[in-house]
Student: 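Here it is, the structure in full.
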Amino acid sequence: MADFEIIEEGTLDATSNTIDFTSIPQTYTHLEIMFSARSAKAGNTTNGGEVRVNNDSGSNYGVQGGYINNVMSLNMATRTQIDSATRIQDAGAQPGVHAINKIMIPNYTDTTVATKGLLFETTAGGPTSAAVYWNSFAIGFWSSTAAIDQVTLYSESVSYPFIAGCSYWLGGWA
């Protein structure tokens, strides 16, 4: 096994409310996800997406992070997903501009740690009349000792799915 390998990659050919990585192999030490995100929502700003692990919709998540002059804290064990740690570019931005998201998941197979951390870095925005740019960072938490074998990325809402052309990949680090 190489130090880093792409496990899965693709580009959406139609709108979708989710990008789902299922049956993640348990043969790596760390995971990395990169994806571009844009929706058809009117406006020239960005909106937050959500992330769930292992299809768990219980109140087992929390997130802390920040973005340009603001801090967010959605407390542990009160959320049913990691909220707003990813960004999705609205349709009113310059055509073709996508938010770029990176998620690192260290030690995803560990079954002795009670809470898994997911590290997020995002950038979004573009030259519109509002000159809206976003840079954000966050750590999302999932409270479980289970190894991670599925990660699902959600659009802002079912009304505003990811558009065709959004791309993604999942990689594993040795």
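Quick caveat, the model's predicted, so the values are computed rather than measured. Only this structure's heavy atoms are used, side chains among them; waters, hydrogens and symmetry mates stay out.
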Student: What closest approach, in Å, do A85 and V63 show between heavy atoms, and which atom pair accounts for it?
Tutor: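 For A85 and V63, the tightest heavy-atom pair comes out as CB-CG2, 4.1 Å.
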Student: Closest heavy-atom contact between E50 and S84?
Tutor: OE2-N, 4.2 Å
Student: Would you say that F21 contacts L31 through its side chain, given a criterion of any heavy-atom pair below 4.5 Å between the two side chains?
Tutor: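 A side-chain contact is absent here, since even the closest heavy-atom pair is not under 4.5 Å.
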Student: Taking D110's backbone N and O only, do any of them form a donor-acceptor pair with K116's side chain (distance below 3.5 Å, no angle check)?
Tutor: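 Checked: pair present.
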Student: Using a 4.5 Å cut-off on heavy atoms from C-beta on, say whether the side chain of V53 contacts that of Y61.
Tutor: yes
Student: Are any non-hydrogen side-chain atoms of Y28 and I7 less than 4.5 angstrom apart?
Tutor: yes
Student: List the atom of T80, the atom of S59, and the distance in Å for their closest heavy-atom pair.
Tutor: CG2-OG, 4.0 Å
Student: Among side-chain atoms of T46 and R87, is any donor-acceptor pair under 3.5 angstrom?
Tutor: yes
Student: On a heavy-atom basis, which atom in R52 and which in S57 lie closest, and how many Å separate them?
Tutor: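 Result for this residue pair: CZ-CB, 3.7 Å.
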Student: Scan I100, T86, L12 and name whichever one has a side-chain contact (heavy atoms from CB on, under 4.5 Å) with F35.
Tutor: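 For F35, the side-chain contact (heavy atoms from CB on, under 4.5 Å) check succeeds only for T86.
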Student: Is any side-chain heavy atom of I33 less than 4.5 Å from a side-chain heavy atom of Y168?
Tutor: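 Not touching, per the 4.5 Å side-chain cut-off.
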Student: Give the cluster check for W142 versus V113: same hydrophobic cluster or not, with ILVMFWY residues linked at side-chain heavy-atom distances below 4.5 Å.
Tutor: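 Per the 4.5 Å side-chain linkage, W142 and V113 are not co-clustered.
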Student: For the backbone of I163 and the side chain of R38, can you confirm whether one donor and one acceptor N or O come within less than 3.5 Å of each other?
Tutor: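 Flag not set: sc R38 to bb I163 has no pair under 3.5 Å.
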Student: Under 3.5 Å, is there a donor-acceptor pair between the side chain of T18 and the main chain of D20?
Tutor: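 No, because the side chain of T18 does not come within donor-acceptor range (under 3.5 Å) of the backbone of D20.
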Student: May I ask you to test the N47-Y160 pair for a side-chain heavy-atom distance under 4.5 Å?
Tutor: no
Student: Under a 3.5 Å threshold, yes or no: a donor from one side chain and an acceptor from the other, between D149 and Q26?
Tutor: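 On atom types as modelled, these side chains do not qualify, holding no pair under 3.5 Å.
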Student: Apply ring pair (Phe, Tyr, Trp, His ring centres under 6.0 Å) to Y108 and list each qualifying residue two or more places apart in sequence or on a separate chain.
Tutor: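 For Y108 there are no ring pair (Phe, Tyr, Trp, His ring centres under 6.0 Å) partners, ignoring immediate neighbours.
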Student: Within the distance-only criterion (no hydrogens, no angle test), does the side chain of N54 pair as donor or acceptor with the backbone N or O of A147 below 3.5 angstrom?
Tutor: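 Between the backbone of A147 and the side chain of N54 there is a qualifying donor-acceptor contact (under 3.5 Å).
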Student: Side-chain heavy atoms nearer than 4.5 Å, only ILVMFWY residues, links allowed to pass through others: does that put F162 and Y154 together?
Tutor: no
Student: For A164 and A14, which heavy atoms make the closest approach, and how far apart are they?
Tutor: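 Looking at all heavy atoms of both residues, the shortest contact is CB-N, 3.7 Å.
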Student: Answer yes or no: is there a side-chain heavy-atom contact under 4.5 Å between W173 and T29?
Tutor: no
Student: Keeping the roles fixed (side chain from D56, backbone from G58), state whether a donor-acceptor pair exists under 3.5 Å.
Tutor: yes
Student: Report yes if the side chains of D83 and Q81 come closer than 4.5 Å at any heavy-atom pair, otherwise no.
Tutor: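 Touching, per the 4.5 Å side-chain cut-off.
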Student: Would you give the length of the straight line joining atom CD1 of I6 to atom CH2 of W169, rounded to the nearest 0.5 angstrom?
Tutor: 4.5 Å
Student: Determine whether a donor-acceptor pair (N or O, by modelled atom type, separation under 3.5 Å) exists between the side chain of H98 and the backbone of A37.
Tutor: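 No, H98 side chain to A37 backbone: no donor-acceptor pair under 3.5 Å.
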Student: Could you grab the distance from atom CE of M104 to atom CD1 of I139, nearest 0.5 Å is fine?
Tutor: 12.0 Å
Student: Could you report the tightest heavy-atom contact between V51 and F120, atom names first, then the distance?
Tutor: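 Shortest heavy-atom separation between V51 and F120 comes out as CG2-CE2, 3.9 Å.
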Student: If you round to the nearest 0.5 Å, how far is CD1 of I103 from CG of L170?
Tutor: 10.0 Å
Student: S155 and N17: side-chain donor and acceptor closer than 3.5 Å?
Tutor: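 Result is yes, a qualifying pair exists.
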Student: Distance check, rounded to the nearest 0.5 Å: N101 atom CG versus T122 atom OG1?
Tutor: 5.5 Å
Student: What I'd like to find out is whether the side chain of I105 reaches to under 4.5 Å of the side chain of V151, using heavy atoms alone.
Tutor: yes
Student: What's the spacing between S167 OG and I19 CD1 if we round to 0.5 Å?
Tutor: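 Nearest 0.5 Å value for the OG-CD1 distance: 8.0 Å.
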Student: Going through the distances and angles, do C166 and T11 end up as a side-chain contact (heavy atoms from CB on, under 4.5 Å)?
Tutor: CA-CA 6 Å; C166 293; T11 301; over 6 Å; no
